**Student:** 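What follows is a structure written as structure tokens; I'll ask about it next.
This is a predicted model, so every value here is computed, not measured.
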Amino acid sequence: MAFALRKRGPSTFERASDGSMTLIEHVRELRNRLFRASLALLVGFGFGIWLAEPVRKLLSKPYCDLPASIDPVTGKCNFVQLGVADVFLLNLKIGLWVGLIIAAPVWLYQLWAFIAPGLHRHERRYAYIFTSLAAPLFAAGAVLAFFVTTKGLEFLLNISGDDIATTLEVTRYISFVTNLILLFGVAFEFPLIVLMLNFVGLASAKRLLSWWRIAVFVFFAFSAVVTPTPDPFGMTALALCLTALYFGAVGVAFLNDRRRGRGKEVYAGIDDDEVSPLELDDDPVAPGQRVEATDSIGTPEPVAAPTPIDRRYDEMT
């Protein structure tokens, strides 16, 4: 049995790219994508609730590994709960964050599918590159924050003295760790901004390298302000990592400039206030070909002699 193959019409992406979709169709597409993203977040939240307890224990590990946190009677890690439902609400919060991470491929795709038709092809290629780099950089910042939390707690608990018993409140401790992870993860995205300035042509690699003193100072000042622990270890670790990422981004910018041939222009080695040399051409100019006169089209018509009335008018004027 033969089936007639019908020609498929343009896809939603193609119609959105060529501008043939109406405003109502754009609103409907946004509604459908928001519904799919919300459904994915709901499913991810269900898995997050299931993983909330292991994740909470993982976040508590920097504190529970310290000898000062162990109860000498029970031998367990000590935390305090000030409210009846604090741990329950904390598990819901952790489940929401975990669900957001689990459902990230779905809701990020829905967001990208809605905005991608309005971008050019090279802009979409740059978006793929920056997105593929953003996730590993954020993960590296989260790992560094976890390491800084361990060293920072060890420093803070050791200076309190043996005569003071320290017991942390569980919700404030988890908020402290998650905020530190979020802060370090976002800070590690700074090299992407440097690369973006270079890729769009706003700053060359040579200019970015000339700003290294200012960049290092800003990194240390930023780390001193945003690091919640007063010990110098966390501040120095974050500043040194940001400095290394900055110089790595500048190296990638040099490769990008070499690939595009930047710096090889005619006036690339000339300062703004320097006079450029003039190239004098002393070759003689050859005479052009002679243009022959064309034949006349016809003899001009004779002009009629003025009448006496015309002569009288000329004498009066």
**Student:** Could you list the residues that satisfy side-chain contact (heavy atoms from CB on, under 4.5 Å) with Ile49, not counting sequence neighbours?
**Tutor:** Phe45, Leu92

**Student:** Can you tell me how far the CD1 atom of Ile174 sits from the CG atom of Asn91, to the nearest 0.5 Å?
**Tutor:** 9.5 Å

**Student:** Quick one: list whatever passes side-chain contact (heavy atoms from CB on, under 4.5 Å) with Ile214, sequence neighbours left out.
**Tutor:** Val218

**Student:** Hey, would you say the Phe190 and Phe219 ring centroids sit under 6.0 Å apart?
**Tutor:** yes

**Student:** Hey, what do you get for OG (Ser204) to CG (Asn256), rounding to the nearest 0.5 Å?
**Tutor:** 11.0 Å

**Student:** With rounding to the nearest 0.5 Å, note down the distance linking CD1 in Ile94 to CG in Leu89.
**Tutor:** 11.5 Å

**Student:** Which heavy-atom pair separates Ala40 from Ala103 by the least distance, and what is that distance?
**Tutor:** O-CB, 3.3 Å

**Student:** Would Leu180 and Phe146 count as a side chain to side chain contact (heavy atoms under 4.5 Å, CB included) if you check the C-alpha gap in whole Å, the side-chain angles of each, and the deciding distance to 0.1 Å?
**Tutor:** CA-CA 8 Å; Leu180 194 65; Phe146 201 77; over 6 Å; no

**Student:** Can you tell me if Phe138 has over 12 outside heavy atoms packed within less than 6.0 Å of its CZ?
**Tutor:** yes

**Student:** Restricting to non-hydrogen atoms, name the atom on Gly95 and the atom on Ala52 that form the minimum distance, rounded to 0.1 Å.
**Tutor:** N-CB, 4.3 Å

**Student:** Could you tell me whether the side chain of Val148 reaches within less than 4.5 Å of the side chain of Leu144, counting heavy atoms only?
**Tutor:** yes

**Student:** Partners of Glu169 by salt bridge (charged side-chain N to carboxylate O under 4.0 Å, His left out), sequence neighbours excluded?
**Tutor:** none

**Student:** Looking at residues at least two apart in the chain, or sitting in another chain, which of them share a ring pair (Phe, Tyr, Trp, His ring centres under 6.0 Å) with Phe147?
**Tutor:** Phe233

**Student:** Linking I/L/V/M/F/W/Y whenever any side-chain heavy atoms sit under 4.5 Å apart, do Leu192 and Phe222 land together?
**Tutor:** yes

**Student:** Given the rule that I, L, V, M, F, W and Y join up when any side-chain heavy atoms are under 4.5 Å apart, are Leu182 and Met235 in one cluster?
**Tutor:** no

**Student:** Evaluate Asp257 against Asn198 for side chain to side chain contact (heavy atoms under 4.5 Å, CB included), listing each step before the verdict.
**Tutor:** CA-CA 8 Å; Asp257 289 351; Asn198 178 258; 3.2 Å; yes

**Student:** Quick check for you: to the nearest 0.5 Å, what is the distance between Arg56 atom CZ and Lys61 atom NZ?
**Tutor:** 15.0 Å

**Student:** Please identify each residue that fulfils salt bridge (charged side-chain N to carboxylate O under 4.0 Å, His left out) with Lys57, with sequence neighbours left out.
**Tutor:** none

**Student:** Distance-only check: which donor-acceptor pairs under 3.5 Å involve side-chain atoms of residues 238-248, not counting sequence neighbours?
**Tutor:**
residue : atom : partner : partner atom : Å
Thr243  : OG1  : Ala239  : O            : 2.8
Tyr246  : OH   : Leu208  : O            : 2.4

**Student:** Could you check if a side-chain atom of Phe184 sits within less than 4.5 angstrom of a side-chain atom of Val143, using non-hydrogen atoms only?
**Tutor:** no

**Student:** Hydrophobic side-chain clustering at under 4.5 Å (ILVMFWY, transitive links): who's grouped with Phe35? Put none if nobody.
**Tutor:** none

**Student:** Looking at residues at least two apart in the chain, or sitting in another chain, which of them share a side-chain contact (heavy atoms from CB on, under 4.5 Å) with Ala140?
**Tutor:** Phe188

**Student:** Do the side chains of Leu41 and Leu108 join up, straight or via other hydrophobic residues, at under 4.5 Å, putting them in one cluster?
**Tutor:** yes

**Student:** Take atom CH2 in Trp211; do more than 12 heavy atoms of anything else shown fall under 6.0 Å from it?
**Tutor:** yes

**Student:** Could you measure the distance from the CG atom of Leu90 to the CD atom of Glu53? Nearest 0.5 Å is fine.
**Tutor:** 9.5 Å

**Student:** Please list all pairs meeting ring-ring contact (aromatic ring centres under 6.0 Å, His included) that have one or both residues in residues 78-98, counting only residues at least two apart or in different chains.
**Tutor:** Tyr63-Phe79, Phe79-Tyr173

**Student:** Does Leu59 reach the side chain of Ile181, with side-chain heavy atoms less than 4.5 Å apart?
**Tutor:** yes

**Student:** Is the shortest side-chain heavy-atom distance between Trp212 and Val250 below 4.5 Å?
**Tutor:** no

**Student:** Among all residues two or more places apart in sequence or in another chain, which pass the side-chain contact (heavy atoms from CB on, under 4.5 Å) test with Ile102?
**Tutor:** Phe47, Leu51, Val98

**Student:** What is the distance from atom OG1 of Thr171 to atom NZ of Lys93, rounded to the nearest 0.5 Å?
**Tutor:** 8.5 Å

**Student:** Transitively linked via ILVMFWY side-chain contacts under 4.5 Å: Phe220 with Leu183?
**Tutor:** yes

**Student:** Which Ile, Leu, Val, Met, Phe, Trp or Tyr residues join Leu39 in one cluster when any pair of side-chain heavy atoms under 4.5 Å counts as a link?
**Tutor:** none

**Student:** May I ask you to decide if Val87's main-chain N or O and Gln81's side chain share a donor-acceptor pair within less than 3.5 Å?
**Tutor:** yes

**Student:** Is there a chain of hydrophobic side chains (I, L, V, M, F, W, Y, each step under 4.5 Å between heavy atoms) that links Leu30 to Ile115?
**Tutor:** yes

**Student:** Tracing side-chain links under 4.5 Å among I, L, V, M, F, W and Y, which residues wind up in one group with Val106?
**Tutor:** none

**Student:** What are the two closest non-hydrogen atoms of Ala104 and Trp107, and how far apart are they?
**Tutor:** CA-NE1, 3.0 Å

